[in-house]
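What follows is a set of notes on a single structure, which appears directly below.
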Amino acid sequence: MKPTILILSLLLTLTACSTQKPTHKETVATYYQAFDKGNFNKIKEVANDSLTIVSGDFVVPYNHASLYEMFKWDSIFKSSYEIIELEEKGNEVIAIIGQKNLRNAYLENNPLEYQVRISFTSDKILKIEELEYEGTDWSIWQTKRDTLVSWVKVNHPELDGFLNDMTMNGAMNYLKAIELYGAEHKTP
């Protein structure tokens with residue numbers, strides 16, 4: 001009888017250890033690593049059914065379907081993410097994220113580094129709020145963006161509207177605009 005109790009106790013202990021919930025920091029790491037690796041199923045595992053992303057004045061609520069559309073948009077730019085710093089504060093995590101991608105390279109702010117506050121519910125990410133950008137030159141960003149938008153309106157109106165089209169097609173049009181603009185404005 002004693003060996004059976006010992007074996008059951010050992011199995012219960014091993015089961016309890018293997019089913020520990022990840023910390024909030026581990027959840028955030030999983031989220032950004034999944035974006036980096038292009039693994040939307042992992043993102044769904046750690047994101048709440050309704051996730052809100054706050055960027056300046058823009059507050060965008062996502063469900064898993066709309067989050068997938070944003071994921072596809074982001075993937076077109078071949079984004080990579082690096083967690084520079086993570087700090088857990090109660091039910092929130094403050095993180096500094098580095099994001100490299102083709103769009104940021106064109107806008108001459110690559111990597112783009114920003115600080116976010118991430119809130120949780122039921123151990124899943126509920127809200128990501130962008131707090132501040134570090135070392136970003138918004139004047140270059142705006143000039144490059146506005147120049148590209150103006151040039152597209154005149155030279156490739158079929159691509160016009162790419163800037164606010166947060167779909168996969170919009171991202172493809174954005175990259176096509178960058179490519180066409182770059183081909184026409186190469187310096188010897």
Side-chain angles (χ1 to χ4, degrees), residues 28-29 31-40 43 47 51-62 66-87 89 92-119 125 127-188:
V28 170
Y31 178 84
Y32 284 104
Q33 288 166 358
F35 259 100
D36 191 58
K37 291 180 175 30
N39 186 344
F40 188 72
I43 293 168
L51 166 70
T52 301
I53 298 180
V54 180
S55 180
D57 293 335
F58 297 98
V59 178
V60 184
Y62 291 96
S66 58
L67 186 61
Y68 184 61
E69 290 305 311
M70 188 268 285
F71 170 81
K72 292 190 301 185
W73 177 88
D74 185 69
S75 70
I76 295 299
F77 295 109
K78 298 182 178 9
S79 294
S80 66
Y81 293 87
E82 176 188 3
I83 297 172
I84 298 167
E85 189 176 311
L86 280 177
E87 181 181 354
K89 291 183 173 183
E92 296 180 333
V93 169
I94 304 296
I96 297 175
I97 307 299
Q99 177 200 46
K100 290 183 181 179
N101 66 34
L102 298 172
R103 181 186 65 136
N104 295 348
Y106 168 75
L107 297 169
E108 296 184 27
N109 282 276
N110 205 30
L112 186 65
E113 290 186 10
Y114 54 98
Q115 184 181 53
V116 292
R117 177 178 30 242
I118 302 163
S119 305
I125 297 173
K127 183 177 180 183
I128 300 173
E129 183 180 1
E130 296 174 3
L131 300 176
E132 62 182 74
Y133 286 79
E134 300 182 6
T136 304
D137 190 331
W138 293 114
S139 62
I140 291 175
W141 179 287
Q142 185 174 356
T143 300
K144 297 279 289 189
R145 181 199 63 204
D146 294 349
T147 299
L148 183 62
V149 168
S150 297
W151 182 83
V152 162
K153 282 183 183 184
V154 172
N155 296 285
H156 291 281
E158 72 278 9
L159 299 176
D160 193 23
F162 68 86
L163 189 63
N164 296 315
D165 184 350
M166 301 301 287
T167 65
M168 193 169 158
N169 189 55
M172 291 185 326
N173 286 343
Y174 201 141
L175 278 185
K176 186 69 175 172
I178 291 170
E179 176 188 319
L180 292 168
Y181 182 82
E184 187 172 303
H185 293 89
K186 284 194 177 195
T187 55

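- Closest non-hydrogen pair, Pro61 versus Ser66, comes out as O-OG, 4.2 Å.
- Distance CD1/Ile118 to CD1/Ile53: 9.5 Å, rounded to 0.5 Å.
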- [ ] Using the side-chain contact (heavy atoms from CB on, under 4.5 Å) rule, take Leu102 and Ile178 through it: C-alpha gap first, then chi angles, then the decisive distance, then the call.
- [x] CA-CA 9 Å; Leu102 298 172; Ile178 291 170; 6.0 Å; no
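- Of all heavy-atom pairs spanning Ser55 and Tyr133, the tightest one is OG-OH, 4.3 Å.
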Open item on the list: Apply side-chain contact (heavy atoms from CB on, under 4.5 Å) to residues Ile43 and Tyr31 and explain how you reach the verdict.
Closed with: CA-CA 5 Å; Ile43 293 168; Tyr31 178 84; 3.9 Å; yes
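- A search for salt bridge (Lys or Arg N to Asp or Glu O under 4.0 Å) contacts involving Lys100 returns nothing, not counting sequence neighbours.
- Note that OG of Ser80 and CG of Asn110 are 7.5 Å apart. Values are rounded to the nearest 0.5 Å.
- The aromatic rings of Tyr106 and Tyr181 lie perpendicular to each other, with more than 60° between the two planes, well past the 30° mark.
- A distance of 8.5 Å separates CG of Asn173 from CD of Glu158, quoted to the nearest 0.5 Å.
- A perpendicular orientation is assigned to the rings of Trp73 and Phe77, their planes being inclined by more than 60° (bins at 30° and 60°).
- Atom-to-atom distance recorded for Arg145:CZ and Arg103:CZ is 10.0 Å, nearest 0.5 angstrom.
- For the pair Asp36 (side chain) and Tyr81 (backbone), a donor-acceptor distance under 3.5 Å is present.
- No more than 12 heavy atoms of other residues, nucleotides or ligands lie within 6.0 Å of NZ in Lys176, so this atom counts as exposed by the packing criterion.
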Kindly list each side-chain donor-acceptor pair under 3.5 angstrom involving residues 146-153, sequence neighbours excluded, with atom names and distances?
{"residue": "Thr147", "atom": "OG1", "partner": "Thr143", "partner atom": "O", "Å": "2.7"}
{"residue": "Ser150", "atom": "OG", "partner": "Asp146", "partner atom": "O", "Å": "3.0"}
{"residue": "Trp151", "atom": "NE1", "partner": "Glu184", "partner atom": "OE2", "Å": "3.2"}

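- Across Ala95 and Leu86, no two heavy atoms sit closer than the pair CB-CD2, 3.5 Å.
- Closest approach of Ile125 to Ile128, counting heavy atoms only: CG2-CG1, 3.8 Å.
- The salt bridge (Lys or Arg N to Asp or Glu O under 4.0 Å) contacts involving residues 129-144 comprise Glu108-Lys144, Arg117-Glu129, where partners must be two or more places apart or lie in separate chains.
- Note that CG of Leu51 and CG of Leu67 are 6.0 Å apart. Values are rounded to the nearest 0.5 Å.
- The heavy-atom pair separating Ala177 from Phe162 by the smallest distance is CB-CE2, 4.2 Å.
- Once rounded to the nearest 0.5 Å, the distance linking CD1 of Ile140 with CG of Leu107 reads 10.0 Å.
- Within the 3.5 Å criterion, the main-chain N or O of Asp74 finds no donor-acceptor partner in the side chain of Asn101.
- Contact record, Ile83 with Ile97: CG1-CD1, 4.0 Å, taken as the closest heavy-atom pair.
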Task: Derivation of the side-chain contact (heavy atoms from CB on, under 4.5 Å) call for Trp141 and Leu112 - done: CA-CA 11 Å; Trp141 179 287; Leu112 186 65; 4.2 Å; yes
